[in-house]
Amino acid sequence: HCRKLSSVKNFYKYLFDKKIIVSNIFSNIEFPKSFKSIPKVLEKNEILKILEKSHENKSFKGLRLTLMVELLYATGVRVSEMVSLKLGDINEDLSQIIINTKGNKERVIPIIKSVRRQLNNYLNELKINFKKKNRSIFIFPSNSKQGHITRNRFFQLLQNLAISVGIEKDRVSPHVLRHSFATHLLEKGVDL
């Protein structure tokens, strides 16, 4: 509603500025303020449940999902950045991710030890599962048009994981994981 009202108000302002109308009936009308909803957050124990459940699946796809959930929660990267990570975006000792942002700026993100171990296991499996002829530049390759797992597919897998541990699927999204990461850091007193 606010968007429609704003359009009408701006149209009347335009008419008044161009002297097509002599008075602007909208000039003194106040619109209701729109309140942005605060992003939802998962409790630490809920994230732990999701991670523990993901660890049960020892297949290659299970390893992949565990790593993606851990990366997203432990680094706070955007989901679009995470799914499109290339092998060259991670330094040799697996301690950092280098993300090229808009305007060719680099963001360096540290990887904690537990996630480093997970990443190392996954990369070894990746070499085995994707032989030389299928070798991809992406860390999370798939048959999608982009060549890597899509945001939507990750979203589906994450929601299925949440449902399996009794968390309502609409409470879980990649953005919620990212926001939880920031909130839990703030609770520890870390300056974002």
Side-chain angles (χ1 to χ4, degrees), residues 39 42 44 46-165 169 172-185 190 192:
L42 290 173
K44 283 178 199 159
E46 290 177 312
I47 287 170
L48 209 61
K49 273 186 196 174
I50 288 171
L51 281 170
E52 281 171 358
K53 186 69 181 173
S54 76
H55 277 277
E56 288 174 16
N57 186 343
K58 304 291 183 201
S59 71
F60 173 71
K61 285 187 175 177
L63 278 177
R64 182 185 70 179
L65 182 56
T66 300
L67 177 61
M68 288 196 294
V69 174
E70 287 197 3
L71 265 179
L72 207 59
Y73 177 63
T75 64
V77 293
R78 294 178 180 89
V79 66
S80 55
E81 293 169 337
M82 193 254 315
V83 293
S84 61
L85 276 174
K86 296 182 178 81
L87 291 162
D89 294 338
I90 293 184
N91 67 349
E92 276 184 52
D93 64 357
L94 310 182
S95 64
Q96 293 176 334
I97 299 171
I98 294 144
I99 289 177
N100 290 305
T101 58
K102 287 171 187 164
N104 273 343
K105 287 182 181 168
E106 283 187 348
R107 217 163 83 237
V108 178
I109 299 163
I111 303 174
I112 58 171
K113 264 187 186 168
S114 59
V115 179
R116 234 180 282 171
R117 275 196 306 273
Q118 195 67 37
L119 178 59
N120 191 40
N121 293 343
Y122 171 79
L123 290 175
N124 288 334
E125 285 296 316
L126 184 66
K127 281 176 196 164
I128 296 162
N129 279 271
F130 286 80
K131 302 283 185 269
K132 277 206 167 100
K133 64 183 174 74
N134 292 329
R135 194 59 54 84
S136 168
I137 58 165
F138 295 108
I139 290 176
F140 304 112
S142 86
N143 296 325
S144 72
K145 199 166 58 181
Q146 298 97 317
H148 57 74
I149 192 165
T150 63
R151 294 169 49 151
N152 287 349
R153 182 63 185 137
F154 173 63
F155 194 180
Q156 285 172 342
L157 294 169
L158 182 61
Q159 286 193 326
N160 292 342
L161 209 49
I163 292 163
S164 70
V165 292
K169 73 171 187 173
V172 181
S173 74
H175 182 66
V176 166
L177 265 191
R178 187 170 185 245
H179 192 73
S180 301
F181 157 79
T183 304
H184 297 162
L185 278 186
V190 176
L192 294 179

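Numbering of residues begins at 1 and proceeds along the displayed sequence. Everything numeric here is computed off the predicted structure, so don't read it as measured data.
Between the CD1 atom of Ile90 and the CD atom of Gln96 there is a distance of 11.0 Å, given to the nearest 0.5 Å. Considering CG of Leu123 and CG of Leu67, their distance stands at 7.5 Å, rounded to 0.5 Å. For the atom pair Leu94 CG and Asn120 CG, the distance stands at 5.5 Å (nearest 0.5 Å). In this structure, CG on Leu63 lies 7.5 Å from NZ on Lys58, to the nearest 0.5 angstrom.
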Atom pairs and distances, side-chain donor-acceptor, residues 47-57, under 3.5 Å, sequence neighbours left out:
from  : atom 1 : to    : atom 2 : distance (Å)
Lys53 : NZ     : Glu56 : OE1    : 3.2
Ser54 : OG     : Leu51 : O      : 2.7
Ser54 : OG     : Thr66 : OG1    : 3.0
His55 : NE2    : Glu70 : OE2    : 2.9
Asn57 : OD1    : Ser59 : N      : 3.0
Asn57 : OD1    : Ser59 : OG     : 2.7

Sequence neighbours excluded and cut-off under 3.5 Å, please list the side-chain donor-acceptor pairs for residues 149-165, or say none.
from   : atom 1 : to     : atom 2 : distance (Å)
Thr150 : OG1    : Arg153 : N      : 3.1
Arg153 : NH1    : Gln156 : OE1    : 2.8
Gln159 : NE2    : Lys169 : O      : 3.0
Gln159 : NE2    : Val172 : O      : 3.4
Asn160 : ND2    : Gln156 : O      : 3.4
Ser164 : OG     : Leu161 : O      : 2.6

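Residue pairs satisfying the salt bridge (Lys or Arg N to Asp or Glu O under 4.0 Å) criterion with at least one member in residues 112-124, sequence neighbours excluded, are absent. For residues 81-129, the ring pair (Phe, Tyr, Trp, His ring centres under 6.0 Å) pairs, not counting sequence neighbours, are Phe60-Tyr122, Tyr122-Phe140.
Looking at residues two or more places apart in sequence or on another chain, you find a side chain to side chain donor-acceptor pair (under 3.5 Å) between Ser95 and Asn91, Asp93. With sequence neighbours excluded, the residues that form a salt bridge (charged side-chain N to carboxylate O under 4.0 Å, His left out) with Arg78 are Glu81.
Listed here is the closest heavy atom pair of Lys86 and Ile139: O-CD1, 3.4 Å. Closest of all the heavy-atom pairs between Gln146 and Phe138 is O-CE1, 3.5 Å.
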Mind running side-chain contact (heavy atoms from CB on, under 4.5 Å) on Leu71 and Leu85 for me, showing each step along the way? CA-CA 11 Å; Leu71 265 179; Leu85 276 174; 4.1 Å; yes
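Using a 4.5 Å heavy-atom cutoff, the side chains of Ile97 and Val108 are not in contact. At least one side-chain heavy atom of Leu126 sits under 4.5 Å from a side-chain heavy atom of Pro141. Within the 4.5 Å cutoff, no side-chain heavy atoms of Ile112 are placed close to those of Thr75.
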